[in-house]
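All values below come from the heavy atoms of this structure, side chains included, with hydrogens, waters and symmetry mates left out.
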Amino acid sequence: MLDQKLIRENPTSVEKNLSLRGKVYRISEIHELTIKKKNIDIEIASLQSKSKRLSKLIGQEISKSKNYDSQELISLKKKGNEFRIKISELEEKKRILDKEVDDEICKLPNFPSNDAPIGKDENDNVQVKTWGDPLTEDDLKSHWQIGENLNLFDSINSTKISKSRFITLIGNGARLERALINFMLDMHSKNGYLELMPPALVNSESLKGSGQLPKFSNESFKCSNDDLWLSPTAEVPLTAFHKNEIIDSKQLPLKYVAYSPCFRREAGSYGRDTKGLIRLHQFNKVELYWFCDPSKSTEAHEKITSDAESILKKLNLPYRLVDICTGDLGFSSSRTFDLEVWLPSSKCYREISSCSNCLDFQARRSSIRTKIDKKNTYLHTLNGSGLAIGRTMAAILENGQLKDGSVRIPDALVPYFGSNLLKTA
RNA sequence: GGAGAGGUGGCUGAGUGGUUGAAAGCGGCUCCCUGCUAAGGAGUUACAGGAGGUAACUUUUGUCGAGGGUUCGAAUCCCUCCCUCUCCGCCA
């Protein structure tokens, strides 16, 4: 959420900053609403002050005279009643305005960072670096072919259980998934992250707090009988974990790592990535999350990204780092680095982690602050996948495939998986 | 799911319509005494938002789980919701 005061006092700069996203955001209406709201706030405060003084006076009169219905008291009470009516009218107006302002502001995305490359869409993203040697041979198998050959997962039967875009992991496939989750959690824990295992169901307020609502209600699964949704990413419960708190600055940064299943409706992606592990309604992810001092979020962003990268390096998976351009930034993010892993069967890099600095955007929505020089200040939040498990498995299968159809397991994973080779049972 | 009890400041815990943002205690902070430690004495101490000032600060509003209502006035009365605890049921 953007700062309401900024919108009220400097609407042109707000519009200008938002326009970097390559879309026109008109905020003149919101601007007017915030001014109206402000005026009503002031009026209410002054009436309340008068009314409060009057009530005290009445109390004093009663205790002095012990007379509850003197002519004077009756007229004072009548005056008080007038205040009450007037105030409640204004409060009703204020309620409506508050909601309108809040609704509108919540639909505005975060400002892009000045450091983000300016661009229209994903074609303008900037490759910052690559790591590892990508396999470029022509006759390499896709991960779903490998998965089928080695009987690692099953999508046909999964449509019986649920529908398309769900998968059931089998035998070594399930084992490998589990190994990856444990490996990543252990790595990050050793690296200073506190492990959390949050609820998979989250309420609307939590989704609003991290930016998924109100604009993207289409992208999550909703429970029809409750105000609960299947969480699309652990970023949601992790943000909400400290909702409405003022965190002691000595405790910052708070660094969390969480494994969670993630559920996404993938509306509008019909026909894309229909095979394999790349795009599913349900997938597993290990997420990194920081709450940090506002002055330190830029370096924190570098750190969270390199923490995610360290997993790819340990697994010896070739990848590249991409600086997301202003037009392709996610709703809550001001700057995002994507890590894209090399998938040899399609000869391209695919997103496996997205590391974002949201500045105070989510903190303001969720009311998470810290004291700086005795003043309460919204802190900064950052999130990054560390990593998406299904896509990691796909990358391991494709990058580790051997001529005889078996798959080499990266050394770092062997203690977790229990073998250095994946072959037909 | 049923029945009951409860939610007050950093903590414990009073408070059932009136100058109560809230007694008392603990804790915290400042000073004094003693000074090796322990103890003792005096004072002070909730939080959040807005407005004004470069600032120390001033002013104003709100806050006793949340939101409504009654009233000139609500921690206190009424309604709705949330949460916690106990018992029963069900259950991994």
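A/F83 places its CZ atom 16 Å from the C1' atom of B/rU71, with the value rounded to the nearest Å. Distance A/N244 CG to B/rC82 C1': 14 Å, rounded to the nearest Å.
Contacts of A/D41 with the nucleic acid, taken as non-hydrogen atoms under 4.0 Å apart, are absent. Within 4.0 Å (heavy atoms only), A/K371 reaches sugar-phosphate atoms of the nucleic acid but no base atom. A/K78 comes within 4.0 angstrom of nothing in the nucleic acid, heavy atoms only. Contact annotation for A/I58: base contact, defined as any heavy-atom pair under 4.0 Å involving a base atom. Across all strands shown, A/Q48 has heavy atoms under 4.0 Å from sugar-phosphate atoms exclusively, and none from any base.
Between A/R84 and B/rA74 there is no side-chain N or O to OP1 or OP2 distance below 4.0 Å. Note on A/R95: a side-chain N or O is less than 4.0 Å away from OP1 or OP2 of B/rG68.
Comparing B/rC72, B/rA51, B/rA48 by their nearest atom to the side chain of A/K77 picks out B/rC72. Looking at the side chain of A/A45, the nearest of the listed nucleotides B/rG73, B/rG49, B/rU60 is B/rU60. Relative to the side chain of A/S49, the nucleotides B/rA48, B/rU61, B/rU19 differ in distance, and B/rU61 lies closest. Nearest nucleotide to the A/S55 side chain, out of B/rG49, B/rG68, B/rC72: B/rC72. In the set B/rU19, B/rA51, B/rG18, the nucleotide with an atom closest to the side chain of A/K38 is B/rA51. In the set B/rA48, B/rU19, B/rG62, B/rU19 carries the atom at the smallest distance from any side-chain atom of A/Q60.
Comparing A/S88 and A/G59 by the nucleotide of RNA chain B that holds the closest heavy atom to each, the one mapping nearer the 5' end is A/G59. When the nearest nucleotides of RNA chain B are assigned to A/K79 and A/K50 by heavy-atom distance, the more 5′-ward of the two goes with A/K50.
If you take atom C1' in B/rA22 and the same atom in B/rU63, they sit 12 Å apart, rounded to whole Å.
One N or O on the side chain of A/S353 and one on the backbone of A/S385 form a donor-acceptor pair closer than 3.5 Å.
The NZ atom of A/K93 lies 11.5 Å from the OG atom of A/S88; values are rounded to the nearest 0.5 Å.
Using cut-offs of 30° and 60° on the angle between ring planes, the pair A/H188 and A/Y193 is perpendicular.
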